[in-house]
Protein chains: 2
Amino acid sequence: MAATMTDVARLANVSVSTVSYVLTGARPISGATRERVLAAIAELGYSPNAMARGLASRRSTLLGLLLPLGEDGVGATVSAFVNGAASAASAAGYHLTLNPVGADDAAPLRELASRRLLAGAALMAVRLDDPRVDVLRELGVPYVLIGRTRDTTGVSFVDIDFDTTMADAVEHLVGLGHRRVVYVNHSQDALAAGDGPTVRTAEAFARAMRVHGLEPVMVAVDDGAAHGRAAVEEALARDPGVTAFVSMNESATFGVLAALADRGLRVPQDVSVVSVVMAPAVAELAHPALTAMESPGAALGRLAVEALVDQLDRTDRRDADPADDKEVHQQLLPCTLRVRGTSGPVRS
Amino acid sequence: MAATMTDVARLANVSVSTVSYVLTGARPISGATRERVLAAIAELGYSPNAMARGLASRRSTLLGLLLPLGEDGVGATVSAFVNGAASAASAAGYHLTLNPVGADDAAPLRELASRRLLAGAALMAVRLDDPRVDVLRELGVPYVLIGRTRDTTGVSFVDIDFDTTMADAVEHLVGLGHRRVVYVNHSQDALAAGDGPTVRTAEAFARAMRVHGLEPVMVAVDDGAAHGRAAVEEALARDPGVTAFVSMNESATFGVLAALADRGLRVPQDVSVVSVVMAPAVAELAHPALTAMESPGAALGRLAVEALVDQLDRTDRRDADPADDKEVHQQLLPCTLRVRGTSGPVRS
DNA sequence: GCGCTTCGTCGAAGCGCTTCGACAATGACG
DNA sequence: CGTCATTGTCGAAGCGCTTCGACGAAGCGC
C-alpha cells in the first residue's frame, strides 16, 4: 500500500542506499541525483517508516514524559509544564509520550524502558529519592528531571528555584509589615514521601522567615478547596494573630480565600495571601485576583526537553568528540512576583 | 548489551520462533518448553525490542492524542480527558503520545500519520468540519473522536451530550423561577471556526430556552477571567433585568463571579450562576462554590481510548470474522447537575 | 601519463522480531 | 496396524530501513 524506499529507488533509478543518504544526509549525494530522488519521493508521496528506521538505526524519536496521573487531572500549573514539553519535543522532531509512572512503583518503568522504545525520558513530580532515576540510569536511558533529587551530581535537571521564590514571597509580605505569616504547604504525606517542591518550600520558607527574625509556621494539608479551609482553621488555632498566608497548594489556596471570607476577614485589608508557584491564569481566577509568585510555566517543560534533546544529539556524535559525554544541564528558574489584589499592608 | 531473542533461544535450547510463540501466544507451546523459555527470559532480563516487533508485525503500541496546545496549558477540565486517555492506554498496553496538532493545519498530521508510527489516534477539540479527520481516513489510520464532526456517519466518537446538559441547566434555573438567562459561551472565533462544544451548546441553549417559551440570549467571549467580566457588562447592557448566567467558559466563569461581586450583586440572592461542563475540583474553587453541570472527566478520555483499542483489536482479527469491520462506537455522556452555592430562587 | 586521493554510488549485511510452511512425533480411529 | 489429523517445534524469509566496505570515475600533482 504505502510506498517504500525500494519503490522510490526504482523510480529514481538509484539504489536504496542512495535514497537513504539523500534523506539522512549521512553521505554526500550529487545535486542531480538528489533532485531525481526527491522528485520520486514527491511523486509517490513517500514517507519513511519510523519503525524500520528505528530498528536499523537503533534510534527513536520518542521521548517519555514520566509523571504520576491521578483521576483528577493535573492543575493548570502542571499542565503548562506538559504543554511546554510537548511543544518543544514536536519542534525538535521528537514525539512526547505520556507515561503514567509514579515514583511509587518503578516496575512499569523498567518494563517500558527496556523495550527500547524511548530515546530518552523526562521525569516529573520528582522525589528527593526517586527510584525511577536509578532504573533509568541502570538501563542506560538518557533522562532529564523536571525537579531534582537530593543528590544532583551528574544528573541533568530543570527546576524551580524555591529558595529565591520563597524568599521573595516572604520579603514582599515583610515589606508590607507582616510578621506573623503561615505557610500552607502540600500534605504531610507528600512531605513524608520526599516530594521535592513540598520539602524544599518548607525549608525555604523557614529560612526566609528566620532571615527576618521571624518564627516560621507551616500547615500541611491535602489538595482541594475543602482542605484549604481546614488550613485556615488550623492556622488560626495555632496563631490567632496571623496576618498573612503563603500557599503553594493550588486548589487549597482558593479554600483559604473562601474560609477567610466566611470568617469576615477581608483580603487584603485584614489578611494578605500570597500564592507561590502558580500559573498566572489561575491566579486571575480568584476574587480578588491572587498576588502570586508566578511559575515559569511552559518554559520549564520546554527547557527540560531541549536539554534532553541536546543530550541525545551529543550521544550520537560521541565518537567525534568523546570529551563532552557526561556534560550535565542544571538550571533553576525563579518564580516572579506579581502583585495583584490579595496582598497589602498589615492592619494596624 | 541488552539481551535479544536469539540469546533467549540459545539459553533455552529452542529456536527463536518458539520464543516468539511463547511471548505472543500465536501458536501453542508445550508446558515444559514454555517453562524453559520463561526461565531463560527471566535469567537474562530479556524484554522484546518494540521497534523490531513493530516492524515485523506491522503493528504499533502507540496511540496519538491529537490536540492543539497553546502556551497556557489546558484547563483542569480538559486535562481530565487527557489523563483518562493516558491511563486507559497504559492499562491496555499502549502508549499515548501527545501530538500538538490543531485543526488549522493538517500537514504535520499527514506527516506523522504516514510514518506509520501510530496504531491509531484520538482527536480532541474537534470541529464540525475537521480536516484532520479526512487525513486520517485517507491514510487509513484508525481513529476515534473526543467530540464529533457535523456528519458522524461511520465515525466513532465519544462526546458530551450537550443537549441534555444544557436542557438540565436551564431546567434547573427555570425551576428556581428564572426567566431571563444569559449564556456565556466561548469566543466568537471559536463559534465561527465551528468548534463543536461552542456551536452545540449555543444551539442547545437556544432550544432549551424556547422549550420554556423564553428568549435565549448569548454572549461570546474569549477565555480568561477578564473576558468573563466583560461578558457581564455586555449581558447587562443587553438585558438589565437578567437574573441568571449559564457559562461554559471555565476561566471566564470566574470573571463573571468577580464582576457580579464588584457590582454589588450577590450570588445567589440577586443573580444565579450555573457553570456547564466543568470539573468538580474547579467548581469547588469558586466562592461560593459553583453550581455546575459536572463534566464526565476522565471517563470521556478513557472511553475514547477503549473504543479505539477495541477497533484495533477487531482489525487484527478481521479475517476471522469479516462482518464486524466497520462497526462504530458512538456515545454521548451527559454532564450531571451538582447544586452548590451559586444558584438559588429568583429574587422577587 | 602514472599512481593517488576524493567523490558519488552501489550491493549486501544486518537491526530483532513475526510468521509461514514444513515436518517429526504423537494419538485417534476403523 | 496402517492412516490421517493434530500438536509442537524449527528454519527461513522477510518487515523497511541504515550503514559499511567497495569500487569506478574523476581530479590532482609531478
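Residue numbers start from 1 in every chain, and the chains themselves are labelled A, B, ... in the order their sequence lines are given, proteins ahead of strands. Keep in mind that the numbers below use all heavy atoms, side chains included, and drop hydrogens, waters and symmetry copies.
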Considering only residues two or more places apart or on different chains, which pairs with a residue in residues 18-27 of chain A satisfy side-chain hydrogen bond (donor to acceptor under 3.5 Å, both in side chains)? A:S15-A:T18
Distance, rounded to the nearest Å, where B:M51 contributes CE and C:dG16 contributes P: 12 Å
Taking all non-hydrogen atoms of both residues, which atom of A:R132 and which atom of A:A103 are closest, and how far apart? NE-CA, 3.8 Å
Could you list the donor-acceptor pairs under 3.5 angstrom formed between side-chain atoms of residues 33-40 of chain B and any protein atom two or more places apart in sequence or on another chain?
| unit_1 | atom_1 | unit_2 | atom_2 | d |
| --- | --- | --- | --- | --- |
| B:T33 | OG1 | B:S30 | OG | 2.8 |
| B:R34 | NH1 | B:I29 | O | 3.1 |
| B:R36 | NH1 | B:A12 | O | 2.6 |

List in chain and number order the residues that pass side chain to side chain donor-acceptor pair (under 3.5 Å) with A:S114, two or more places apart in sequence or in another chain; answer none if no residue qualifies. B:S47
Using a 4.0 Å cut-off on protein heavy atoms (strictly under), produce a 5'-to-3' string for nucleotides 8-15 of chain C with B for base contact, S for backbone-only sugar-phosphate contact, and - for none. SBBB--BB
Return yes if some donor-acceptor pair links the side-chain N/O of B:Q330 with the main-chain N/O of B:V155 below 3.5 Å, else return no. yes
Using the side chain to side chain donor-acceptor pair (under 3.5 Å) criterion, which residues pair with B:D104? Sequence neighbours excluded. B:R127
OP1 or OP2 of C:dT19 less than 4.0 angstrom from a side-chain nitrogen or oxygen of B:R53, does that happen here? no
Any side-chain N or O of B:S20 under 4.0 Å from OP1/OP2 of C:dT18? yes
DNA chain C-proximal residues of residues 40-50 of chain A, any heavy atom under 4.0 Å: none
A:N99: side chain to side chain donor-acceptor pair (under 3.5 Å) partners, not counting sequence neighbours: A:T97
For DNA chain D, which consecutive runs of 3 or more Watson-Crick or G-U pairs (each distance under 3.5 Å) count as stems? C:1-30 with D:1-30
Please classify the nucleic acid contact of A:R116 as base, sugar-phosphate, or nothing, using heavy-atom distances under 4.0 Å. nothing
Those residues that, when tested against A:D129, pass salt bridge (charged side-chain N to carboxylate O under 4.0 Å, His left out) (two or more places apart): A:R150
Partners passing side-chain contact (heavy atoms from CB on, under 4.5 Å) against B:A125 (at least two apart in sequence or in another chain): B:P68
Taking salt bridge (charged side-chain N to carboxylate O under 4.0 Å, His left out) as the definition, give me every residue that meets it alongside A:R116, ordered by chain and number, with sequence neighbours left out. none
To the nearest angstrom, how far is B:R115 atom CZ from D:dG16 atom C1'? 13 Å
What pairs with B:R53 under side chain to side chain donor-acceptor pair (under 3.5 Å), at least two apart in sequence or on another chain? none
Rounded interatomic separation in angstrom, taking CE from A:M5 and C1' from D:dT18: 8 Å
